[in-house]
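Below: one structure, written as structure tokens.
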Amino acid sequence: MKERLAQAKNPAEFEKAKKDIAEIVRERYTKLKRREWENTSELAFNVVLGEEIERYTKTTPQHVKAAKILKARGVDLRQAT
């Protein structure tokens, strides 16, 4: 969707991109509803921690909670280079 939106260079192309994006969302929703994904990686999305896990003290967002669980299980959370 981001790629399609980035292609719009004027208001007319932007309106066309909005329609294309709506169609993409509709297709993905239908595919998800019918459980037609090929593998679970199609359902995943990446979230990046803005800080070290230990620095989240006031609030703990869901992705930080998940990172803490993974770290406790011994999963290496360093960013791949």
Side-chain angles (χ1 to χ4, degrees):
M1 291 186 293
K2 290 188 324 186
E3 291 171 7
R4 178 59 187 99
L5 189 57
Q7 294 172 355
K9 304 298 181 202
N10 59 50
E13 289 179 6
F14 177 74
E15 291 302 318
K16 174 72 170 108
K18 282 186 358 183
K19 290 178 182 175
D20 292 347
I21 289 168
E23 182 58 29
I24 291 169
V25 171
R26 233 181 331 275
E27 288 173 10
R28 298 303 190 270
Y29 170 78
T30 301
K31 190 174 182 179
L32 184 61
K33 188 175 178 180
R34 293 180 181 167
R35 299 177 178 265
E36 295 175 341
W37 57 85
E38 292 182 27
N39 58 55
T40 56
S41 67
E42 291 184 63
L43 304 175
F45 56 92
N46 297 318
V47 178
V48 178
L49 297 173
E51 301 180 21
E52 294 292 324
I53 295 174
E54 296 78 20
R55 296 190 69 184
Y56 288 92
T57 56
K58 291 184 181 180
T59 60
T60 308
Q62 291 297 319
H63 64 289
V64 176
K65 291 177 183 176
K68 286 181 177 183
I69 291 169
L70 290 172
K71 187 174 180 180
R73 292 182 180 177
V75 176
D76 184 9
L77 300 176
R78 290 176 290 169
Q79 183 178 10
T81 55

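Nothing here was measured: the structure is a model prediction, and the numbers come from that model. Only heavy atoms go into these numbers, but all of them, side chains included; no hydrogens, no water, no symmetry mates.
Applying the side chain to side chain donor-acceptor pair (under 3.5 Å) criterion to Thr40, with sequence neighbours excluded, gives no partner residue. Here Glu51 pairs with Arg55, Tyr56 under the side chain to side chain contact (heavy atoms under 4.5 Å, CB included) rule; sequence neighbours left out. Asn46 is linked by a side chain to side chain donor-acceptor pair (under 3.5 Å) to nothing, counting only residues two or more places apart in sequence or in another chain. Residues passing the side chain to side chain donor-acceptor pair (under 3.5 Å) test with Arg35, sequence neighbours excluded: none. In terms of the salt bridge (Lys or Arg N to Asp or Glu O under 4.0 Å) criterion, Glu13 has no residue partners (sequence neighbours excluded). Annotation: side chain to side chain contact (heavy atoms under 4.5 Å, CB included) contacts of Glu15 (sequence neighbours excluded): Lys18. Applying the salt bridge (Lys or Arg N to Asp or Glu O under 4.0 Å) rule to Arg4 yields the partners Asp20; only residues at least two apart in sequence or on another chain are considered. Checked against salt bridge (Lys or Arg N to Asp or Glu O under 4.0 Å), Arg34 has no partners two or more places apart in sequence or in another chain.
The only member of Lys33, Arg26, Glu27 that meets side-chain contact (heavy atoms from CB on, under 4.5 Å) when paired with Tyr29 is Lys33.
Here Leu43 is tied into one hydrophobic group with Leu32, Trp37, each link being a pair of ILVMFWY side chains closer than 4.5 Å. Other cluster members for Val25: Met1, Leu5, Phe14, Ile21, Ile24, joined by side-chain heavy-atom distances under 4.5 Å among Ile, Leu, Val, Met, Phe, Trp and Tyr. Think of Ile69 as one node in a network of Ile, Leu, Val, Met, Phe, Trp and Tyr side chains linked at under 4.5 Å; it has no links at all.
Under the salt bridge (charged side-chain N to carboxylate O under 4.0 Å, His left out) criterion, the residue pairs touching residues 63-77 are Glu54-Lys71, Asp76-Arg78, with sequence neighbours excluded.
Scanning all heavy atoms of the two residues, the minimum distance from Leu49 to Ala67 falls at CD1-CB, 4.0 Å.
Remark: Leu77 CG to Ile53 CD1 distance equals 5.0 Å, nearest 0.5 Å. Remark: Glu38 CD to Lys31 NZ distance equals 5.5 Å, nearest 0.5 Å.
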